[in-house]
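Step one of this worksheet: look at the structure below.
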Amino acid sequence: MADEPLILGIETSCDETGVGIVRGHTLLADALASSVDQHARFGGVVPEVASRAHLEAIVPTMQRALTEAGVTLADVDAIAVTAGPGLAGALLVGVAAAKGYAVAAEKPVYGVNHLAAHVAVDTLEHGPLPEPAVALLVSGGHSSLLLVDDLAHGVTPLGATIDDAAGEAFDKIARLLGLPFPGGPYIDREARAGDPAAIAFPRGLTAAKDLAAHRYDFSFSGLKTAVARWVEARQRAGEAVPVADVAASFQEAVCDVLVGKALDACRSNGVETLVIGGGVAANSRLRAMAELRAARYGIRVRVPRPGLCTDNGAMVAALGSHLVASGVAPSRLDLPADSAMPLTTVSV
Ligand code: KG4
Ligand code: ZN
């Protein structure tokens with residue numbers, strides 16, 4: 001609707017420079033510049049390289065977003081920016097840019113939580129989020145289960161990974177199998193030709209003894225080691241590694257744990273909506289398994305399309321829009337970038 005506020009969102013917490021523009025729940029522009037190719041040969045994101053790339057990309061990406069939406073900065077009602085968590089130097093570029101544009105155009109600025117933005121982005125595709133909801137956020141940097149009772153003011157962490165993030169596990173196993181970085185999409189593709197039941201890999205923190213202290217936590221390091229041992233044993237024996245079967249069995253183990261714990265969180269909290277976000281939410285098996293199992297309990301699964309699951313500016317704009325609509329006050333102009341921003345802080 002034309003009378004809803006026009007919100008611009010800036011994302012620079014990791015390796016994607018994103019600028020998104022929304023009006024209410026309507027996405028008008030989602031401009032993205034990625035430095036992923038510059039990190040590929042290191043097998044992971046190099047913070048200094050990411051910061052430098054953001055610095056070069058931020059102004060052109062901003063201009064592309066404004067052009068795509070057919071608006072000018074003067075038309076924008078508020079600017080939202082990821083203030084954390086993320087890489088300190090990378091966050092600083094976005095926060096400094098947001099402040100600069102806010103001062104120049106006399107606009108309010110909202111420093112927001114990246115993880116809450118991963119939840120909010122779903123509203124662009126599926127409309128307002130029923131609360132309470134459970135959110136499963138799985139990416140290269142985070143793996144968390146959250147109870148979302150009031151997205152504008154705070155979410156309750158239920159659990160998180162105690163070692164690797166889910167996406168990190170995908171990336172490391174891909175590397176082990178000789179697949180490119182980032183490995184998630186390649187494992188996803190390989191797995192389609194493989195048998196998910198070929199190898200029984202471990203499901204981290206699902207044994208009765210672990211559930212008492214870690215009911216909603218994740219651990220992927222044991223799985224990673226198990227896959228590495230299995231592959232090494234084949235190589236030592238001079239046998240070919242069945243890449244598709246390993247990929248499918250690994251992916252099955254990750255998805256089984258993610259979906260199992262997320263649905264347990266829904267059921268024990270009497271929640272009927274599960275939102276999945278973050279780069280790993282693009283995984284085809286995760287999406288299918290979540291929908292299949294959730295249906296048994298009458299739980300509705302909401303997953304944004306893959307392009308909105310990975311880091312982008314639209315998700316920050318979506319959260320900004322929700323904050324404005326909820327009457328939340330803007331941040332102070334000296335808002336800090338906080339690489340360790342807690343989940344209980346939605347905006348600073
Ligand atoms: O949300 P995101 O773009 O950035 C972070 O905040 O980390 O997530 C990137 C992660 C990478 O680890 C990548 O391998 C993983 O998401 N990913 C996938 C898929 N697409 C991206 N993992 C599994 N299956 C996919 N289809
Ligand atoms: Zn992210």
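Side-chain atoms are counted along with the backbone in the values below, which use heavy atoms only and exclude waters and symmetry mates. Counting convention: from 1, in listed order, for ligands and their atoms alike.
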For Y186 and F181, I'd like to know if the aromatic rings sit close, meaning centre-to-centre distance below 6.0 Å. no
Protein contact to atom 26 (N) of ligand 1 [nearest heavy atom, distance to 0.1 Å]: D188 OD2, 2.9 Å
Tightest non-hydrogen contact, residues P202 and A226, listed as CD-CB, 3.5 Å
Do the side chains of R285 and E252 get close enough for a salt bridge, i.e. N-O under 4.0 angstrom? yes
For ligand 1, indicate whether the residue N283 contacts it via side chain, backbone, both or neither (heavy-atom separation under 4.0 Å). both
Restricting to non-hydrogen atoms, name the atom on G307 and the atom on N312 that form the minimum distance, rounded to 0.1 Å. O-ND2, 3.8 Å
Step by step, would you call H114 with H142 a ring-ring contact (aromatic ring centres under 6.0 Å, His included)? CA-CA 10 Å; H114 179 84; H142 23 257; 5.2 Å; yes
Looking at D311, the N, O or S atom sitting nearest the Zn ion (ligand 2) is OD1
To the nearest 0.1 Å, how far is atom 17 (N) of ligand 1 from its closest protein heavy atom, and which atom is that? G279 O, 3.5 Å
Heavy-atom pair of closest approach, residues E131 and L151: OE2-N, 2.8 Å
Can you list the atoms of ligand 1 that are under 4.0 Å from a heavy atom of A282? 20 (N), 26 (N)
Give the atoms of ligand 1, by number and element, whose distance to some non-hydrogen atom of H142 is under 4.0 Å. 6 (O)
May I have the step-by-step check of side-chain hydrogen bond (donor to acceptor under 3.5 Å, both in side chains) for N113 and T345, ending in yes or no? CA-CA 7 Å; N113 188 304; T345 307; 6.0 Å; no
Counting from 1 in the order shown, the ligand 1 atoms closer than 4.0 Å to a non-hydrogen atom of G167 are 12 (O)
With a cut-off of 4.0 Å, which atoms of ligand 1 are near a heavy atom of G140? 5 (C), 7 (O), 8 (O), 9 (C), 10 (C), 12 (O)
What part of T310, side chain from CB on, backbone N/CA/C/O, both or neither, has a heavy atom under 4.0 Å from ligand 1? both
Would you please determine whether Q251 falls within less than 4.0 Å of ligand 1 on a heavy-atom basis? no
Output all residues satisfying side chain to side chain donor-acceptor pair (under 3.5 Å) with R175, sequence neighbours left out; order by chain, then residue number. none
Sequence neighbours excluded, every pair satisfying salt bridge (Lys or Arg N to Asp or Glu O under 4.0 Å) that has a member inside residues 92-108: none
What protein heavy atom is closest to atom 4 (O) of ligand 1, reported as residue, atom name and distance in Å? D311 OD2, 3.3 Å
P185 contact mode with ligand 1 (heavy-atom cut-off under 4.0 Å): both
Suppose I only count heavy atoms of G141 and a 4.0 Å limit; which atoms of ligand 1 are within that range? 7 (O)
With a cut-off of 4.0 Å, which atoms of ligand 1 are near a heavy atom of G184? 14 (O), 18 (C), 19 (C), 22 (N), 23 (C), 24 (N), 25 (C)
If you measure from each non-hydrogen atom of E16 to ligand 1, which part falls under 4.0 Å: side chain, backbone, both or neither? neither
Could you tell me whether the Zn ion (ligand 2) has an N, O or S atom of H114 under 2.8 Å away? yes
Could you tell me which atoms of ligand 1, counted from 1 in the order shown, lie closer than 4.0 angstrom to a heavy atom of D171? 11 (C), 12 (O), 13 (C), 14 (O)
Salt-bridged, E168 to K172, with N to O below 4.0 Å? yes
So, for G278 and S139, which heavy atoms are closest and what is the spacing to 0.1 Å? CA-CB, 4.1 Å
